[in-house]
Amino acid sequence: MPLARELVAFLTNLQESKQHHDHRLYSQKLTEEGRRLESVIRNALADGNHDKIARIVHQLCHDYAYAVHQPHARNGGLIGLAAAAIALGAEVARYLKEIVPPVLACFSDQDARVRYYACESMYNIAKVAKGEILLYFNDVFDALCKLAADTELSVKNGAELLDRLVKDIVSESAATYASILSPEAAISGSEPNSPARSVENSTAFSLPRFIPLLQERIHVLNPFTRTFLVSWITLLDSIPDLELVAYLPSFLGGLLKFLSDANQDVHTTTKVALDRFLTEIKKIALVKKGLAESRKSREDKDRKTSGSTDPVAVGSPQSDQVENGEAEDGPEETATQQGPQTPQNGQAGSPTADGDSTYTGSHDNEKDADGSEDEWIPGQDVQIDYQRILEILVTFLAESSEEEVQMTALKWIETFLDICPEDILLFTPRLLAQLLPALSHDTDHVKQAANRVNQALMAYIMSLPEDAAKPSANAEQAQIATQVPSIQQPGPGSTPTLPTIRSLAQSNGESRRDSAPMVKPLRKPTSPEPNEPLSRMAQVQTPEPPSSEQPEPESKAHTDLDYEAAVNALTLQFLHEHEATRVAALAWLIMLHRKSPRKILAIQDATFPALLKTLSDPAEAVVTRDLLLLSQISRSSDDGYFTSFMVNLLKLFTTDRRLLESRGNLIIRQLCLSLSPEKIYRTMADCLERDSDDDLEFASIMVQNLNNNLITAPELQDLRKRLRNLDSRDGQTFFTVLFKAWCVNAVATFSLCLLAQAYEQAYNLLQIFAELEMTVNMLIQIDKLVQLLESPVFTYLRMQLLEPERFPHLYKCLYGLLMLLPQSSAFAALKNRLNSVSAIGYLHIAPRNAPATPSSVSTFERQNRLRSKEGAGEASIKWTELLDKFRNTQERVRRSLQRQLTGQHDGLDDRSTTPEQQKKLAVPFSGADRGGAGVGGRPGSAQSLGRPSPQPLVVGGHAKGKSSLGRLGGVAGGFGARKGGKNQAQYQHQFTNTIEEKKMLYIIGLGLADERDVSVKGLEIIRKASRVYLEAYTAVLLVNQQQLESYYGRPLIIADREMVESHSDSILASADTQDIAFLVVGDPFSATTHTDLALRCRQHDPPIPTRTLPNASILTAVGATGLSLYTFGQTVSMVFFTDSWRPASFYDRVVENAGLGLHTLVLLDIKVKEPDLEAMARGRVVYEAPRFMSVAQCARQMLEVEGERGQGVCGRERLAVGVARLGSEDERIVAGTLEELAGADLGPPLHSLVLCGKKMHEMEWEYVREFAVDREKFDRVWKAEYAGQG
């Protein structure tokens, strides 16, 4: 064939030019031969010789373009095919099926020049073919997707040119262009029975066929390919008639992954694309909402005028159909059934692009006089699969830690809460599991976004109706609401429905996202699937039969919140490390219980233990809300639940004594605010009386806490008033219940009688007190009671001192207390009070009769306190029985303590103890030893061993100087709350130490890092000490209290600033008879506070021996920086600056050190249990959250002060060393200028900083420079400012 020879010559010429490396000649030859071939094809086309053209195309494809491993042949074939396409012009469409595949095959050739010529060839082909190339869009797109990441620049540039051309074609023709070939050719890739086959004139571009390819490619990692994909997604979304947003779930996950791409271009373009989609979704929802409201208003209007005369002629069947068609979307009507039509848009009967008439649109106008029904609004028939999108968003919120991904997901969810909140109900449990932790995110804008979503979701659930209508036979009439039992009433603040839902849920029985009724829907109402082509053709408005719209795929069955899953998700958040998350979880549970208490009660058995455990939470806000929730549940439950709650709360206090010490008062007061105080006290008193034999020590401590709250808590004011009135039967019964339970604590029982004005009974109790051993515990409680007598609560009692004839036993009670007290500050206060009315009292005290019983009382007392209620068959208060109960209970306490002591020392050899020691062991124990939570109440302590009678008076002597029983009483509740649980050998060891060793206060250094830094000697002392305090405000270890207690084998009492500096007597109590360990982070005497504590021991009467065990501190560990400890000057402290307080006293010390060329160690501020000044001004004690200053903040504050003082000692170029967590495995040391350290992040606390002196030695410099942020700069500054000055 001549053509074959010409082509062979053509390719041979190309080969020769290439072999001589003449690229210019090579390109020139390609151009010349291509033009010659183009001329040949044009001539054949002019002659109508299509057979010749077909042979040329076939030979170019199969003999050259498909020539494997022959790059020059392939190049020639590509140029030839491009020339053929140019020559064919509009006729190229019939040859594209053969021309395009070989060109596409060359896109993956290993030779870069072949790939380049493939791009050039396809560019020319597409430029000529225009819309016809869309038939091969998927293949072209796939090839371009791969070439976007090509390593050859020329290929990439060629691909970009081709990409721009294809984008232009898609923008212009994708939505409207139909192939000039037969429909079979246009959709040859479709399945035989696919919906595409049923479309008579399908567009060349098919979005449903493209989406699977996009789904496959969206998971690429290459940033260039990702940018390519985002650009195409943006383009397709910008074409209104394609409605890419309907397919968003297919590729949304990939776009969200793009947000975490390190490439800024990918991140930016993706963010813009996602914002466009969200804006589009909001517009679609707004359109649908407007249409639904418009339809509703028309329906209301029709209902109002339904009784009026029909404007259409009577008897006209068409009139019925028109009317029904508007209200019910009736059957499609033909043009012959209608009269003359009004042209739509002024063009009656004008043909569309495909030749179909637009008569249907005109016909529709007659159905509504205002013509609003037949106006198609973009977006009205787009179906968004909100649930699939939410599934993706919630999944990414859970799995991705990227800040931008979380922000985007939260932003979308917030928008969906406004658009389709009912769809979010299904995902609420999973969403809560991710949303609440986000409330504690490190980044503020994520935290704020999560807070907005949380509030919106909570508001929506609260707005749901309490008793939603159940689905009817017609699924479209289902209301989207929360199903609750019909007997439940709406909770406080609830509204029947959310306004945005109500306006859409009433739109003729359809769900809220359905379009307004359309006589000419332009798309199928179903959500498009990837493999389903769109049914709407450009400019074609064909009415759908009613059957195609029923049932609506968007009509969903009734959706209810899964309360059990939501509660389980919320309960898990109790374990979260951040307070804000735990508080939010409890707020949700409180809201859900208020919303549907019956549903919460049905699943409370699983959550109740978690709620009880949460009472031990360190955050007060968490405990407060937990108590509120428990109170709500108790109020809505029966008495059995309330009793169970109280019993389990007491069990929790039994097992967690630290909770009782730290939060007992808060818990009791909060419960009394939410529930009936009398019911709480009655139930707890019954439980304590019934179970007191199991643990008398705990019962005594619990009674003391309850009694203190009864006397002092403002929340119990009404209860106190009720107790003061024993004339009523209820008051008498309540007093009797409390008295029986209070008997385990002698002082609490006495104060209860004073509160109830049962003064004669109180005096009788005092006489029994004389038979008890007056221990430190008992004296502390009496001391506190005397102080309370001076409080406003007992104003009535002090006023009654002015009426001795009416209250003679009141004087006896108070003078009896005076006789029990040693001469302490409390003794002096009570004595002064009695002296002010002594003249009155002495004249009227009734003579003592023997025996003193309730029968020998004054007339007034007998009539008002000890008489039975008039008309009652028997006395409501049996005073004698109550006294017997008190005696028996105190005897049980004594025997219990004696049994404990006997059990502790069963292993002691009688021969190893002296007769005097055996006599000590035989001293009877009184119930007062267990009367409170004082220092003597702990089993195995020296106090519980018994002492000769003079010893309690020695303790009473502590009132001299600063010490007083009043100060000891401040923490009386904290020392006896430790449960024994020691084995016999331990008790024997401690007993031997009590007899033989001298007791003292040990001040023990713990080192800097963790529990293992304590010395061996220090650990031995900790394990044998009676009480162990941990000072926790001058410094902290890098481990928590639980780890320390586990390692030491001892419970620790946290000694905060207030205890150490203001109530140190509580620490020193019994330190002369017991070993007390005071633990200090670092070295004991690094802080002056601990020196002050040692001085107090010296000044104590009698003096308390002390012993110090040193350890490493920051003052010595700072040598790890390489700076010599010999060249350090004065140590200074840096505190947190506030708006009104910016102390700069440290600067003067730094100037002095700098003048001597010495280093300055700067200790950074820590705030642990610091009171909130604003709250204190309001009369409340609230502590701030712990704060620890960082090196960066210290450096910034120094630079600020330097800017004010300007002496150059803290300038930007001043060398410094920042240290963090010295002595630990992850210690951090960073050196640099102050300006560099102001931006350094050294991680978690504790931090310190060293300002380098000008006399820094060369050896120090060489060591420190290894830690430099910028060694080059560090060396430069050192050589300029420091070198040679040492």
Side-chain angles (χ1 to χ4, degrees), residues 100 103-123 126 133-134 136-171 174 205-239 242 244-245 247-277 392 396 399-400 402 404-405 408 530:
V100 171
V103 178
L104 293 173
C106 291
F107 276 115
S108 58
D109 194 277
Q110 61 183 3
D111 189 289
R113 186 163 291 275
V114 173
R115 297 198 299 275
Y116 172 77
Y117 280 116
C119 293
E120 183 177 329
S121 177
M122 183 58 73
Y123 181 89
I133 201 67
L134 296 179
Y136 305 92
F137 175 79
N138 280 15
D139 297 325
V140 175
F141 179 88
D142 192 33
L144 289 174
C145 187
K146 296 172 183 176
L147 291 181
D150 200 289
T151 56
E152 182 65 34
L153 183 60
S154 61
V155 177
K156 187 179 293 187
N157 292 336
E160 289 177 359
L161 288 172
L162 175 60
D163 180 54
R164 284 198 290 269
L165 176 63
V166 177
K167 283 178 179 175
D168 290 341
I169 295 172
V170 170
S171 298
F205 176 81
S206 172
L207 195 58
R209 290 199 300 268
F210 168 67
I211 290 301
L213 176 62
L214 181 60
Q215 281 182 296
E216 180 183 347
R217 289 285 175 259
I218 200 70
H219 299 292
V220 296
L221 300 178
N222 187 280
F224 297 105
T225 308
R226 286 183 166 184
T227 304
F228 169 83
L229 291 173
V230 175
S231 68
W232 268 102
I233 290 173
T234 304
L235 172 71
L236 294 174
D237 184 54
S238 66
I239 303 174
L242 290 184
L244 181 65
V245 68
Y247 298 90
L248 183 58
S250 300
F251 54 88
L252 177 60
L255 288 179
L256 290 174
K257 289 180 181 178
F258 288 5
L259 287 175
S260 58
D261 197 294
N263 187 289
Q264 189 61 36
D265 290 339
V266 176
H267 178 273
T268 303
T269 55
T270 303
K271 193 172 186 303
V272 171
L274 286 171
D275 288 343
R276 285 173 56 96
F277 278 120
I392 295 169
F396 271 84
E399 297 177 355
S400 176
E402 291 290 335
E404 193 63 42
V405 174
T408 303

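Only this structure's heavy atoms are used, side chains among them; waters, hydrogens and symmetry mates stay out.
If you take CG on Leu214 and CG on Leu207, they are separated by 9.0 Å, rounding to the nearest 0.5 Å. Distance OG1/Thr408 to CD/Glu402: 11.0 Å, rounded to 0.5 Å. Within the model, atoms CG of Asp265 and OG of Ser231 stand 11.5 Å from one another, a figure rounded to the nearest 0.5 Å. Atoms CG and NZ, from Leu161 and Lys156 in turn, are 13.5 Å apart once rounded to the nearest 0.5 Å. From Asp163, atom CG reaches atom CZ of Phe141 across 8.5 Å, with rounding to the nearest 0.5 Å. Considering CD of Gln215 and CD1 of Ile211, their distance stands at 7.0 Å, rounded to 0.5 Å.
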Lys167 vs Leu235, side-chain contact (heavy atoms from CB on, under 4.5 Å): CA-CA, chis, key distance, verdict: CA-CA 8 Å; Lys167 283 178 179 175; Leu235 172 71; 3.5 Å; yes
Full working for side-chain contact (heavy atoms from CB on, under 4.5 Å) between Met122 and Val100: CA-CA 8 Å; Met122 183 58 73; Val100 171; 4.0 Å; yes
side-chain contact (heavy atoms from CB on, under 4.5 Å) between Phe277 and Leu244, intermediate numbers included: CA-CA 9 Å; Phe277 278 120; Leu244 181 65; 4.0 Å; yes
From CA spacing to verdict: side-chain contact (heavy atoms from CB on, under 4.5 Å), Phe137, Ile169: CA-CA 10 Å; Phe137 175 79; Ile169 295 172; over 6 Å; no
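Between Ile239 and Ala174, the closest heavy-atom pair is CD1-CB, 4.5 Å. Scanning both residues, Leu147 and Cys119, for their nearest heavy atoms gives CD1-SG, 3.5 Å. Nearest heavy-atom pair across Ser121 and Val103 is OG-CG2, 3.9 Å. Contact detail for Val220 and Phe258: the closest heavy-atom pair is O-CE1, 4.2 Å. When all heavy atoms of Ile392 and Pro249 are compared, the closest pair comes out as CD1-O, 3.4 Å. Minimum heavy-atom separation, Phe228 to Ala148: CB-CB, 3.9 Å.
Applying the side-chain contact (heavy atoms from CB on, under 4.5 Å) criterion to Ser108, with sequence neighbours excluded, gives no partner residue. For Asn138, the side-chain contact (heavy atoms from CB on, under 4.5 Å) criterion is met by Arg209, Phe210, Leu213, not counting sequence neighbours. Qualifying side-chain contact (heavy atoms from CB on, under 4.5 Å) partners for Cys106, counting only residues two or more places apart in sequence or in other chains: Arg74, Leu78, Val114, Ala118.
In this structure, Ile218 and Ile233 have side chains that are in contact, with non-hydrogen atoms separated by less than 4.5 Å. Contact of the Leu259 side chain with the Leu255 side chain is not registered, since no non-hydrogen atoms from C-beta on lie closer than 4.5 Å. Using a 4.5 Å heavy-atom cutoff, the side chains of Asp261 and Leu221 are not in contact.
Because its NZ or CZ atom is not both nearer than 6.0 Å to the ring centre of Phe107 and within 45° of the ring axis, Lys146 does not count as a cation-pi partner of that residue.
Remark: the backbone N or O of Lys257 is paired with a side-chain donor or acceptor of Ser260 at under 3.5 angstrom. Formation of a donor-acceptor pair under 3.5 Å by the Thr227 side chain with backbone atoms of Pro223 is found in this model. Judged by distance alone, the side chain of Arg217 and the main-chain N or O of Leu229 form no donor-acceptor pair under 3.5 Å.
Ion pair Asp111/Arg115 not flagged as a salt bridge, since none of the NZ, NE, NH1 or NH2 atoms sits closer than 4.0 Å to an Asp/Glu carboxylate oxygen. A salt bridge does not link Arg164 with Asp168: every distance from a Lys NZ or Arg NE/NH1/NH2 to an Asp or Glu carboxylate oxygen is 4.0 Å or more.
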